[in-house]
Amino acid sequence: MDSRILCNFYRCTIESILTGCITAWYGSCTDLDRKALQRVVKTAQHITRTELPSMEDLYSQRLRKKSLRIIKDPHHPSHKLFFLLPSGRRYRSILARTRRFGDSFFPRAVRLLKN
(Lines give C-alpha, C1' and ligand atoms only; values in the text may rest on other atoms or scores of the structure.)
Protein backbone atom coordinates (compact mmCIF):
# COMPACT_ATOMS: atom_id res chain seq x y z
CA MET A 1 0.00 0.00 0.00
CA ASP A 2 0.96 3.60 -0.44
CA SER A 3 2.77 5.07 2.56
CA ARG A 4 0.41 8.10 2.62
CA ILE A 5 -2.58 5.80 3.13
CA LEU A 6 -0.79 3.88 5.86
CA CYS A 7 0.28 7.11 7.55
CA ASN A 8 -3.31 8.41 7.45
CA PHE A 9 -4.50 5.16 8.98
CA TYR A 10 -1.92 5.48 11.75
CA ARG A 11 -2.83 9.10 12.47
CA CYS A 12 -6.58 8.50 12.44
CA THR A 13 -6.72 5.30 14.44
CA ILE A 14 -3.60 4.26 16.29
CA GLU A 15 -2.35 7.72 17.23
CA SER A 16 -5.80 8.85 18.35
CA ILE A 17 -6.10 5.77 20.59
CA LEU A 18 -2.61 6.23 22.02
CA THR A 19 -3.08 9.93 22.69
CA GLY A 20 -6.59 9.77 24.12
CA CYS A 21 -6.37 11.80 27.36
CA ILE A 22 -2.57 11.67 27.09
CA THR A 23 -2.28 14.80 29.25
CA ALA A 24 -3.92 12.94 32.11
CA TRP A 25 -1.98 9.68 32.10
CA TYR A 26 1.37 10.11 30.32
CA GLY A 27 3.02 12.14 33.08
CA SER A 28 2.63 9.32 35.59
CA CYS A 29 3.79 6.51 33.27
CA THR A 30 6.88 4.58 34.22
CA ASP A 31 9.89 4.43 31.91
CA LEU A 32 8.95 0.88 31.02
CA ASP A 33 5.46 2.01 29.94
CA ARG A 34 6.91 4.87 27.89
CA LYS A 35 9.33 2.54 26.13
CA ALA A 36 6.49 0.16 25.30
CA LEU A 37 4.44 3.01 23.84
CA GLN A 38 7.42 4.24 21.86
CA ARG A 39 7.88 0.73 20.46
CA VAL A 40 4.38 0.97 19.00
CA VAL A 41 5.35 4.23 17.30
CA LYS A 42 8.62 2.73 16.00
CA THR A 43 6.74 -0.26 14.59
CA ALA A 44 4.29 2.08 12.86
CA GLN A 45 7.25 4.04 11.43
CA HIS A 46 8.67 0.84 10.03
CA ILE A 47 5.34 -0.18 8.49
CA THR A 48 4.45 3.25 7.05
CA ARG A 49 8.03 4.03 5.99
CA THR A 50 7.62 7.61 7.27
CA GLU A 51 8.92 9.63 10.18
CA LEU A 52 6.31 9.89 12.95
CA PRO A 53 6.40 12.09 16.06
CA SER A 54 7.48 10.39 19.27
CA MET A 55 5.10 9.96 22.19
CA GLU A 56 7.07 12.57 24.15
CA ASP A 57 6.62 15.08 21.32
CA LEU A 58 2.90 14.33 21.11
CA TYR A 59 2.59 14.73 24.87
CA SER A 60 4.37 18.07 24.95
CA GLN A 61 2.32 19.38 22.00
CA ARG A 62 -0.97 18.40 23.62
CA LEU A 63 0.15 19.67 27.03
CA ARG A 64 1.12 23.06 25.61
CA LYS A 65 -2.09 23.33 23.59
CA LYS A 66 -4.33 22.44 26.52
CA SER A 67 -2.53 24.70 29.00
CA LEU A 68 -2.67 27.67 26.60
CA ARG A 69 -6.40 27.07 26.19
CA ILE A 70 -6.80 27.17 29.97
CA ILE A 71 -4.73 30.35 30.25
CA LYS A 72 -6.79 32.12 27.58
CA ASP A 73 -10.10 31.26 29.27
CA PRO A 74 -10.47 33.30 32.50
CA HIS A 75 -13.64 31.35 33.39
CA HIS A 76 -11.88 27.98 33.40
CA PRO A 77 -11.74 26.51 36.94
CA SER A 78 -7.99 25.88 36.65
CA HIS A 79 -7.13 29.32 35.24
CA LYS A 80 -5.94 30.51 38.65
CA LEU A 81 -3.25 27.78 38.78
CA PHE A 82 -1.30 29.51 35.99
CA PHE A 83 -0.03 32.50 37.93
CA LEU A 84 2.43 34.89 36.27
CA LEU A 85 5.46 36.08 38.19
CA PRO A 86 5.89 39.86 38.65
CA SER A 87 8.10 40.00 35.55
CA GLY A 88 5.07 38.95 33.49
CA ARG A 89 7.09 36.52 31.37
CA ARG A 90 7.19 33.30 33.37
CA TYR A 91 4.70 31.30 35.38
CA ARG A 92 5.03 30.54 39.08
CA SER A 93 5.91 26.93 39.80
CA ILE A 94 3.34 24.86 41.61
CA LEU A 95 4.79 23.34 44.77
CA ALA A 96 4.45 19.57 44.79
CA ARG A 97 5.20 17.60 47.92
CA THR A 98 4.94 14.22 46.22
CA ARG A 99 6.41 12.87 43.02
CA ARG A 100 2.95 11.76 41.96
CA PHE A 101 1.58 15.29 42.06
CA GLY A 102 4.75 16.71 40.52
CA ASP A 103 4.24 14.51 37.47
CA SER A 104 0.58 15.46 37.06
CA PHE A 105 -0.81 17.87 34.46
CA PHE A 106 -0.55 21.27 36.14
CA PRO A 107 3.05 21.20 37.45
CA ARG A 108 4.28 19.72 34.17
CA ALA A 109 2.34 22.30 32.16
CA VAL A 110 3.89 25.15 34.16
CA ARG A 111 7.36 23.65 33.68
CA LEU A 112 6.74 23.32 29.96
CA LEU A 113 5.53 26.90 29.65
CA LYS A 114 8.57 28.18 31.56
CA ASN A 115 10.90 26.92 28.84
For this session: Using modelled atom types only, decide if a donor and an acceptor are shared between the side chain of T30 and the backbone of D33 within a distance under 3.5 Å.
Result: yes
Exercise. Just how far is it from atom OG1 of T13 to atom CD of E15, taken to the nearest 0.5 Å?
Worked result: 9.5 Å
For this session: May I ask whether I22 and L68 are part of the same hydrophobic cluster, defined by side-chain heavy atoms of I, L, V, M, F, W, Y residues being less than 4.5 angstrom apart, directly or through others?
Result: yes
Problem set entry | Whether F82 and F105 hold their rings parallel, tilted or perpendicular, with breakpoints at 30° and 60° | perpendicular
For this session: Just do the salt bridge (Lys or Arg N to Asp or Glu O under 4.0 Å) check on R69 and D73 with the steps written out, would you?
Result: CA-CA 6 Å; R69 227 180 295 139; D73 183 10; over 6 Å; no
Exercise. When rounded to the nearest 0.5 angstrom, what distance separates NZ in K66 from NE2 in H76?
Worked result: 7.0 Å
Problem set entry | Common cluster, V40/Y59, ILVMFWY with side-chain heavy-atom separation under 4.5 Å | yes
Problem set entry | Nearest atoms (heavy-atom pairs only) where Y91 meets K114 | O-CE, 2.9 Å
Exercise. Nearest 0.5 Å, what's the CG-CD distance between L6 and Q45?
Worked result: 13.5 Å
Exercise. Shortest non-hydrogen contact from C12 to S16?
Worked result: O-OG, 2.9 Å
Exercise. Does the H79 side chain pair with the main chain of I70, one donor and one acceptor, at a distance under 3.5 Å?
Worked result: yes
Exercise. Rounded to the nearest 0.5 Å, how far apart are CD1 of I14 and OG1 of T48?
Worked result: 9.0 Å
For this session: For R34 and G27, indicate whether the former's side chain and the latter's backbone hold a donor-acceptor pair under 3.5 Å.
Result: yes
Exercise. Heavy-atom distance under 4.5 Å between the side chains of E56 and Y26, does that happen here?
Worked result: yes
For this session: Answer yes or no: is there a side-chain heavy-atom contact under 4.5 Å between R99 and D103?
Result: yes
Problem set entry | Flag for R111-S93: side-chain donor and acceptor within less than 3.5 Å | no
Problem set entry | Side-chain ion pair, K35 and D31, N-O less than 4.0 Å | no
For this session: Find out whether R11 and P53 are in side-chain contact, i.e. whether some heavy atom of one side chain is under 4.5 Å from a heavy atom of the other.
Result: yes
For this session: State yes or no: do I47 and V41 share one hydrophobic cluster built from I, L, V, M, F, W and Y residues joined by side-chain heavy-atom distances below 4.5 Å, directly or via other members?
Result: no
For this session: Write down the atom of K72, the atom of P74, and the distance for their closest heavy-atom approach.
Result: O-CD, 3.1 Å
Problem set entry | Reported OG1-to-CD distance for the pair T19 and Q61, which is rounded to 0.5 angstrom | 10.0 Å
Seminar exercise, completed: Distance col, row R108:CZ vs S28:OG, nearest 0.5 angstrom, shows 9.0 Å
For this session: Of all the heavy-atom pairs spanning F101 and P107, show the shortest one and how long it is.
Result: O-CG, 3.3 Å
For this session: Please check if M55 and L112 belong to a single hydrophobic cluster, counting links between Ile, Leu, Val, Met, Phe, Trp and Tyr side chain heavy atoms closer than 4.5 Å.
Result: yes
For this session: Answer with yes or no whether the hydrophobic clustering places L113 together with L85; edges join I, L, V, M, F, W, Y residues whose side-chain heavy atoms lie under 4.5 Å apart.
Result: no
Problem set entry | Heavy-atom neighbours of F9 CZ exceed 12 at 6.0 Å | no
Seminar exercise, completed: Of all heavy-atom pairs linking Q38 and S54, the shortest is OE1-CB, 3.5 Å
Exercise. For C7 and L52, which heavy atoms make the closest approach, and how far apart are they?
Worked result: SG-CD2, 4.0 Å
